[in-house]
Amino acid sequence: MSTRTLVAPRSLAELDLADPRLHAEQDLSEVWRTLRRSEPVHRHRPVGRAPGFWVVTRFADAAEVYLDTDRFSSAGGNVLATLLQGGDSASGVMAAVTDGSRHRDLRSVLLKAFSPRVLTGVVQAVEQNSRELVNAALDQEVCDFAVDVAGKLPITVICDLLGVPVEDREFLLGLTKTALSSDTADQTPFEIWQARNDILSYFGKLAEERRRNPGTDAVSVLVTGTVGGQPLTQDEVVANCYSLILGGDETSRLSMIGAVLAFTEHPDQWAALKSGAVTVESAADEVLRWTTPAIHFGRTATQDSTLNGVRIAKGEIVTVWNASANRDEARFPDPDRFDLGRTPNKHLSFGHGPHYCVGAYLGKAEITAMLTALRDQVAAIEPAGPALPIYSNMLSGYRSLPVRLSR
Ligand code: HEM
């Protein structure tokens, strides 16, 4: 059972969407519904020293912001944490916070690390790992699905892809769990900064090692990759490794955990998966829409323009709430129904346009592999304790999910 309480829309003017506690402890579905209906491009008040920002909640408007990179730039940061602080130090070196032709260059090198040749082997390993992890969980009377199963799969996959030695993986998982979210409400900015710095210096050393001894892993692809005949700089290599490890671990993990929670709350959909009434591929897309692990992304307006009739001035921050857009009734019939057979199901969980997630194929393959292992090996899933949320304003999901799995 989730422990979130429903927020009434009348409190809209007092909400602080940048506060991680809000997303962890409260259910914002009524707030999103009201905004989509009556104020789809909403002005969020300034809080403390942080400036105000636009809150975009409808699917069509969100897609427009993602697509129009000339009008809405990622260079000032692409999440509230950096946008409200006035910028992202990785701008111009990390693909996710770079615009235009340099973004295309960096992205083309990143995509080489995701070539079908590399991914075929990775996906086979994901399928085998999923089966083994589910099997081990079945041997426990009660397992914490978030820790014992989902906590072990995506980190293994992304570390395999990056060629991170096995003995360093536990250390990196601790850091990735701290860098974008927290298990508690009282994490300090220093702890977050420290975790991010530790990840960067770890990949700085790994990159130097791979420069001397290149292999076939993604770090080697980045250190040997060239754009217009020029190699990537050390800063570019390290920043993009950072983005791969963070992008590659937490989002997929949160989706799988959310899937299992949803199965305990919607037994008819678990039965549909078990019986083969729905395919795992369509189930994976609905899990992605339903859980929406990355709840918002953001941009900076490069010029005065209008969005859905609302004037947005040059320099203003525009946030796009995937969590709302993925439940937009104008896009998804009966959007609050968890329906594994939903088609079409073109959600925004991986974003849209030029910055569309480079790991989308891999992320979906991981969720599909986990759903397949659950369907084939598990007869029943019963809740065995409360689901405990993570604290973040950009990711949503659970850090603990005690369940009883039976064969
Ligand atoms: C970009 C979500 C898995 C790496 C994005 C964006 C979203 C997203 C919404 C767009 C950001 C923006 O427009 O500013 C997700 C979700 C995942 C997932 C929900 C899993 C369920 C992965 C994986 C990797 C990854 C497995 C790497 C192995 C990246 C990178 C970008 C990105 C590098 C930046 C792309 C660019 O700016 O061109 N992701 N992601 N993601 N993702 Fe993912």
Side-chain angles (χ1 to χ4, degrees), residues 62-63 65-69 72-80 82-83 88 90-100 102-111 113-114 118-119 122-123 126 150 153-162 164 176 180 217-219 221-222 236 239-259 284-285 287-300 318-323 325-326 347-370 394-397:
V65 173
Y66 275 127
L67 205 53
D68 195 342
T69 49
F72 300 107
S73 158
S74 296
N78 70 340
V79 290
L80 270 176
T82 45
L83 285 162
D88 190 318
S91 178
V93 289
M94 187 193 284
V97 285
T98 300
D99 289 332
R102 193 63 194 159
H103 168 249
R104 283 191 292 279
D105 291 345
L106 291 168
R107 190 175 161 97
S108 72
V109 180
L110 276 177
L111 285 172
F114 290 88
V118 177
L119 282 187
V122 172
V123 170
V126 172
L153 188 66
I155 191 76
T156 307
V157 175
I158 189 63
C159 286
D160 280 351
L161 197 76
L162 288 162
V164 169
T176 61
L180 289 184
D217 56 87
V219 179
V221 170
L222 288 171
E236 285 171 331
N240 287 291
C241 287
Y242 172 89
S243 146
L244 288 178
I245 191 114
L246 289 190
D249 173 39
E250 202 154 10
T251 44
S252 314
R253 171 155 48 86
L254 294 172
S255 246
M256 290 170 199
I257 300 164
D285 267 315
V287 161
L288 280 158
R289 184 191 75 91
W290 187 253
T291 56
T292 310
I295 50 178
H296 87 265
F297 274 98
R299 303 289 190 256
T300 308
V318 179
T319 57
V320 166
W321 291 82
N322 297 336
N326 274 346
H347 51 74
L348 281 182
S349 290
F350 290 122
H352 185 58
H355 287 276
Y356 183 77
C357 178
V358 292
Y361 176 84
L362 183 58
K364 191 168 165 191
E366 291 178 36
I367 294 161
T368 308
M370 183 53 71
M394 73 83 46
L395 294 176
S396 172

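When a ligand or atom number is given, it counts from 1 through the structure's own listing order. Residues take their numbers from the sequence shown, with the count starting at 1. Just so it is clear, the values below take in all heavy atoms, side chains as well, and ignore hydrogens, waters and symmetry mates.
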*Asks:* K364: heavy atom below 4.0 Å from ligand 1, yes or no?
*Replies:*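 Per 4.0 Å heavy-atom rule, K364 does not contact ligand 1.
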*Asks:* Nearest 0.5 Å, what's the CD1-CE distance between I295 and M394?
*Replies:*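 Output value for this atom pair is 8.0 Å.
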*Asks:* Within this structure, what is the CG-OG distance for the pair L110 and S243, rounded to the nearest 0.5 Å?
*Replies:*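 If I round to the nearest 0.5 Å, the distance is 6.5 Å.
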*Asks:* Find out whether D217 and L162 are in side-chain contact, i.e. whether some heavy atom of one side chain is under 4.5 Å from a heavy atom of the other.
*Replies:*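 SC-SC contact between D217 and L162 ruled out.
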*Asks:* Give yes or no for whether the N/O distance cutoff of 3.5 Å, strictly under, is met between S252 and ligand 1.
*Replies:*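 Between S252 and ligand 1 (N or O atoms, distance only) the closest approach is not under 3.5 Å.
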*Asks:* Among all the protein's non-hydrogen atoms, which is closest to atom 22 (C) of ligand 1, and how far away is it?
*Replies:*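 It is G247 O, 3.1 Å.
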*Asks:* Out of V320, N78, L80, which residue meets the side-chain contact (heavy atoms from CB on, under 4.5 Å) rule with H296?
*Replies:*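 The residue from V320, N78, L80 that satisfies side-chain contact (heavy atoms from CB on, under 4.5 Å) with H296 turns out to be L80.
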*Asks:* Give the residue and atom name of whichever protein heavy atom lies nearest to atom 26 (C) of ligand 1, and the separation in Å to one decimal.
*Replies:*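 So the nearest neighbour among protein heavy atoms is G248 CA, 3.5 Å.
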*Asks:* Can you find an N/O atom of N78 closer than 3.5 Å to an N/O atom of ligand 1?
*Replies:*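 There is such a contact, yes.
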*Asks:* Between S73 (side chain) and A75 (backbone), is there a donor-acceptor pair under 3.5 Å?
*Replies:*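 Looks like yes, one N/O pair under 3.5 Å.
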*Asks:* Going by the atom numbers of ligand 1, which of them fall below 4.0 Å from some non-hydrogen atom of I158?
*Replies:*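 Within the 4.0 Å cut-off of I158, ligand 1 contributes 28 (C).
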*Asks:* With a heavy-atom distance limit of 4.0 Å, tell me whether F350 approaches ligand 1 through its side chain, its backbone, both, or neither.
*Replies:*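 F350 to ligand 1: contacts from backbone and side chain alike.
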*Asks:* So which heavy atom in the protein is nearest atom 10 (C) of ligand 1, and how far is it from that ligand atom?
*Replies:*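 The closest heavy atom on the protein side is H355 O, 3.5 Å.
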*Asks:* Within the 4.0 Å heavy-atom shell around G359, which atoms of ligand 1 are there?
*Replies:*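 Result: 22 (C), 23 (C), 24 (C), 25 (C), 26 (C).
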*Asks:* Can you name the closest pair of heavy atoms from G359 and F114 and give their distance?
*Replies:*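 Looks like CA-CE2, 4.0 Å.
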*Asks:* Between N322 and ligand 1, does any nitrogen or oxygen pair lie at a separation below 3.5 Å?
*Replies:*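 Between N322 and ligand 1 (N or O atoms, distance only) the closest approach is not under 3.5 Å.
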*Asks:* What atoms in ligand 1 come closer than 4.0 Å to a heavy atom of P293?
*Replies:*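 By the 4.0 Å cutoff, the relevant atoms are 19 (C).
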*Asks:* May I ask you to list the atoms of ligand 1 that are less than 4.0 angstrom from any heavy atom of G351?
*Replies:*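 By the 4.0 Å cutoff, the relevant atoms are 9 (C).
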*Asks:* Tell me: protein heavy atom nearest atom 9 (C) of ligand 1, and distance?
*Replies:*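 Protein heavy atom with the smallest distance to atom 9 (C) of ligand 1: F297 CE1, 3.2 Å.
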*Asks:* Just which atoms of ligand 1 are under 4.0 Å from any heavy atom in Y66?
*Replies:*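 With Y66 as reference, the close atoms of ligand 1 come out as 13 (O).
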*Asks:* Can you tell whether the side chains of R253 and D249 come within less than 4.0 Å, N to carboxylate O?
*Replies:*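 Salt bridge: yes.
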*Asks:* I need the atoms of ligand 1 closer than 4.0 Å to a non-hydrogen atom of H103, numbered in the order shown.
*Replies:*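 So the answer, numbered in order with elements, is 36 (C), 37 (O), 38 (O).
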*Asks:* Against ligand 1, does L288 come closer than 4.0 Å with any heavy atom?
*Replies:*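 Yes, that is the case, since the closest heavy atom of the residue is under 4.0 Å from the ligand.
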*Asks:* Rounded to the nearest 0.5 Å, how far does CH2 of W290 lie from OG of S255?
*Replies:*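 The distance works out to 13.0 Å.
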*Asks:* Provide, to 0.1 Å, the distance between atom 29 (C) of ligand 1 and the closest protein heavy atom, together with that atom's residue and name.
*Replies:*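 For this ligand atom, the closest protein heavy atom is V358 CG2, 3.8 Å.
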*Asks:* OH of Y361: more than 12 outside heavy atoms within 6.0 angstrom?
*Replies:*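 Atom OH in Y361 is not crowded, with 12 or fewer foreign heavy atoms closer than 6.0 Å.
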*Asks:* Which option wins on minimum heavy-atom distance to atom 16 (C) of ligand 1: L348, L395, T251?
*Replies:*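 The residue whose heavy atom sits nearest atom 16 (C) of ligand 1 is T251.
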*Asks:* Atoms of ligand 1 less than 4.0 Å from A96 heavy atoms?
*Replies:*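 Selected atoms, number and element: 34 (C), 37 (O).
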*Asks:* Decide whether D99 and T69 meet the rule of one side-chain donor and one side-chain acceptor closer than 3.5 Å.
*Replies:*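 No - no donor-acceptor pair under 3.5 Å links their side chains.
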*Asks:* Please say whether R107 places an N or O atom under 3.5 Å from an N or O atom belonging to ligand 1.
*Replies:*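 N/O-N/O distance below 3.5 Å exists for this pair.
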*Asks:* Output the distance between atom OG1 (T300) and atom CZ (F72), rounded to the nearest 0.5 Å.
*Replies:*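 Taking OG1 in T300 and CZ in F72, the distance rounds to 10.5 Å.
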*Asks:* Among all protein heavy atoms, pick out the one at the shortest distance from atom 43 (Fe) of ligand 1; state its residue, atom name and that distance to 0.1 Å.
*Replies:*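 Result for atom 43 (Fe) of ligand 1: C357 SG, 2.3 Å.
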*Asks:* Please confirm whether R299 approaches ligand 1 to less than 4.0 Å, judged on its heavy atoms.
*Replies:*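 Yes, R299 has a heavy atom closer than 4.0 Å to ligand 1.
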*Asks:* Taking side-chain contact (heavy atoms from CB on, under 4.5 Å) as the criterion, tell me which of E236, H355, H103 meets it with T98.
*Replies:*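 One option only clears the test, and that one is H103.
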*Asks:* Does some non-hydrogen atom of S349 fall short of 4.0 Å from ligand 1?
*Replies:*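 Heavy atoms of S349 do come under 4.0 Å of ligand 1.
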*Asks:* Any chance you could measure I367, atom CD1, to L288, atom CG, to the nearest 0.5 Å?
*Replies:*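 So the gap between those two atoms works out to 4.0 Å.
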*Asks:* Let me confirm one number: the CG-CG distance from D88 to L83, rounded to the nearest 0.5 Å.
*Replies:*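 That separation rounds to 8.5 Å.
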*Asks:* Near A95, which atoms of ligand 1 are under 4.0 Å from a heavy atom of that residue?
*Replies:*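 By the 4.0 Å cutoff, the relevant atoms are 37 (O).
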